[in-house]
Amino acid sequence: VSAAIKAPQVLTSIILFSIIYIFIGLLFLLLLARLIRRGPTPSEGGEKGLVEKWQPVSLKGDRQTKA
Amino acid sequence: MNVEVLSRIQFGLTISFHFLFPPMTIGLGVMLILMQTLRVWTGDPLYLDMARFWTKIFGLIFAIGVATGIPMEFQFGTNWAHYARFVGNIFGGPLALEGIYAFFLESGFLALLLFGWNKLGPRMHLFSTCMVALGAHFSAIWILVANSWMQTPAGFHLARKMKVIASGEQFPMNAKLDLPFTIQEIPMPKGYVVQPEDLGHVRAVIDSFREAIFNPSTLERLAHTILACWITGSFLVVAISAWWLLRGQNVESARASLKIALAVATISCLLQMVAADSTARGVADHQPTKLAAIEGLATSRKEAALGVVGMVRWKRDAEGQIIGVQEHAIRIPGLLSILVSGDFLHPLKASETEVKGLDVLPPDDFLRKRYPGASDAELATIRPNYWPNVPVVFQTYHLMIAIGTALVGISLLGCLLWKTGKLWDTQSPLIRAYLALLVLSGGLPPIATQAGWFTTELGLQPWMVYQVLKTG
């Protein structure tokens, strides 16, 4: 272990890390719970409004057949 | 407690908390690829909504994962400077590669993934998702390479800094010389164990990057860990989807998410059985003391039984010195010998395989090199100093195995109910009970990954780098 550090310094950092991690853990659970409660929000107009004009891969064969 | 123990607690705390999150992001990355692929393939807006939702969850976990990972890098400098110097020549390559390939790839494309919904086409968005997932996997790969080198070091030699005068005579670094000298690194004999007084003067120098990267345990540990990540991510999706189904909320998305996640979870769990077996056999080959410790095997034996559940306690002499272990476990006869041999086609013959116990580990020749002239009785007294904390690693290992087995059963049952169509009958009390079990199962993989990580690291004790550098 590095010679420059002292036990009280490490002990203090452990206590502070614990406090921060409890806070981060609770924040994570809170935000996760909020996202889960809201659930997926239906996108208006589906894929419309996207930059690229595209067709699903599964329908490409149909287009070629029709052509 | 001294500064060394406190520093170890500090690093253990920070890495344990951090290690909760990366497995989720790696697993969720795979789930996102599948959802985005289905979106591109079918054009169904359902998959677009699903991908948007799970990307938000991914972003949240990713942010927490990055925030909790940063302190560890600083701890290498603040608390473990000697260790960082000792392994710097080995770890420099893999950790730089992690920074270049993984972080750049992941961070760059993460912005496109999170904010590109209305700016990128579905195919480009799918590509961004793949790159983010690939970056997350790369991070794990390079960290695991470094960690595997600590378990089974290869492709290196030890070198000591010495003061060398013109005649070629060598002096230790603390020698005061009046003559002009140069500082040179002198290679050390193979098998040398670094002593406390060597710290700062001795370091590991890479000979072969390929051998260091592909050290004997890298590939099997990589497969084991990546599959554990996929299981963690997929069970997170399973749990949340089951929760929605129980509440009758977002039913369409919940069904589609549950199908994808159950499929990934089941495949990953089944593959994990193969990967875990391979990892355990690697431990038997390269770290037999760890295997004896995780199975609480006091003595070498043929037809060695595999522990299912139980307890292992230290056996001490009248003066309180550790002289062995006492096993109290329910065991399956012969199974450990069969698993170690790997010969599943001839179980009777395989059960004759001898598994070494803690009474002969580490072996006499290893100890005699370090304690020349020691008698057999003295070696027996020294030997326990080279054992990990057997009672603890026995429990962490068996906790991981118990959870892994439970997850295989839960996922297979889920696939059966899905195939028969009963899984969607959410009015049935039995199905509701199963969905409640799925909700709870979301918390099991993180416990298993933590238990597995503790087994790996505590099982490596008293070594920091196996048979090269001790922890204290």
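A note on names: the letters A, B, ... follow the listed sequences, proteins ahead of strands, and every chain is numbered from 1. In what follows, every heavy atom counts, from backbone to side chain, and hydrogens, waters and symmetry copies are set aside.
Looking at Glu252(B), there are no atoms closer than 4.5 Å to chain A (heavy atoms on both sides), in backbone or side chain. Both the backbone and the side chain of Asn79(B) come within less than 4.5 Å of a heavy atom in chain A. Using a 4.5 Å cut-off between heavy atoms, Phe17(B) contacts chain A through its side chain alone, with no backbone atom that close. Contacts between Trp54(B) and chain A at a heavy-atom distance below 4.5 Å are absent for every atom of the residue.
In this structure, the separation between OG1 on Thr78(B) and CD on Gln9(A) is 10.0 Å, given to the nearest 0.5 Å. Considering OG1 of Thr14(B) and CD1 of Ile20(A), their distance stands at 11.5 Å, rounded to 0.5 Å.
More than 12 non-hydrogen atoms from other residues, nucleotides or ligands lie less than 6.0 angstrom from CH2 of Trp463(B). With a 6.0 Å radius and a threshold of 12 heavy atoms from other residues, nucleotides or ligands, Phe109(B) has its CZ atom above the threshold.
Nearest heavy atom pair, residue Pro40(A) against residue Trp244(B), reads CD-CH2, 3.7 Å. The nearest pair of heavy atoms linking Gln249(B) to Ile36(A) is NE2-O, 3.8 Å.
Contacts of residues 441-449 of chain B with chain A at a heavy-atom distance below 4.5 Å are absent; not one residue qualifies. For residues 27-34 of chain A, a heavy-atom distance under 4.5 Å to chain B picks out Phe28(A), Leu31(A), Leu32(A), given by residue number. When the heavy atoms of residues 57-69 of chain B are compared with those of chain A, the residues falling under 4.5 Å are Ile57(B), Leu60(B), Ile61(B), Ile64(B), Thr68(B), listed by number.
Counting heavy-atom pairs under 4.5 Å between each of Gly200(B), Ala84(B), Ser257(B), Ser7(B) and chain A puts Ser7(B) at the top.
Partners of Leu13(B) according to the side chain to side chain contact (heavy atoms under 4.5 Å, CB included) rule, which considers only residues two or more places apart in sequence or in another chain, are Ile14(A), Phe17(A), Ser18(A), Tyr21(A).
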Requested in this report: Decide side chain to side chain contact (heavy atoms under 4.5 Å, CB included) for Val10(A) and Glu4(B); before the verdict, give the C-alpha distance in whole Å, the side-chain angles of both, and the deciding distance to 0.1 Å.
Outcome: CA-CA 9 Å; Val10(A) 185; Glu4(B) 185 202 323; over 6 Å; no

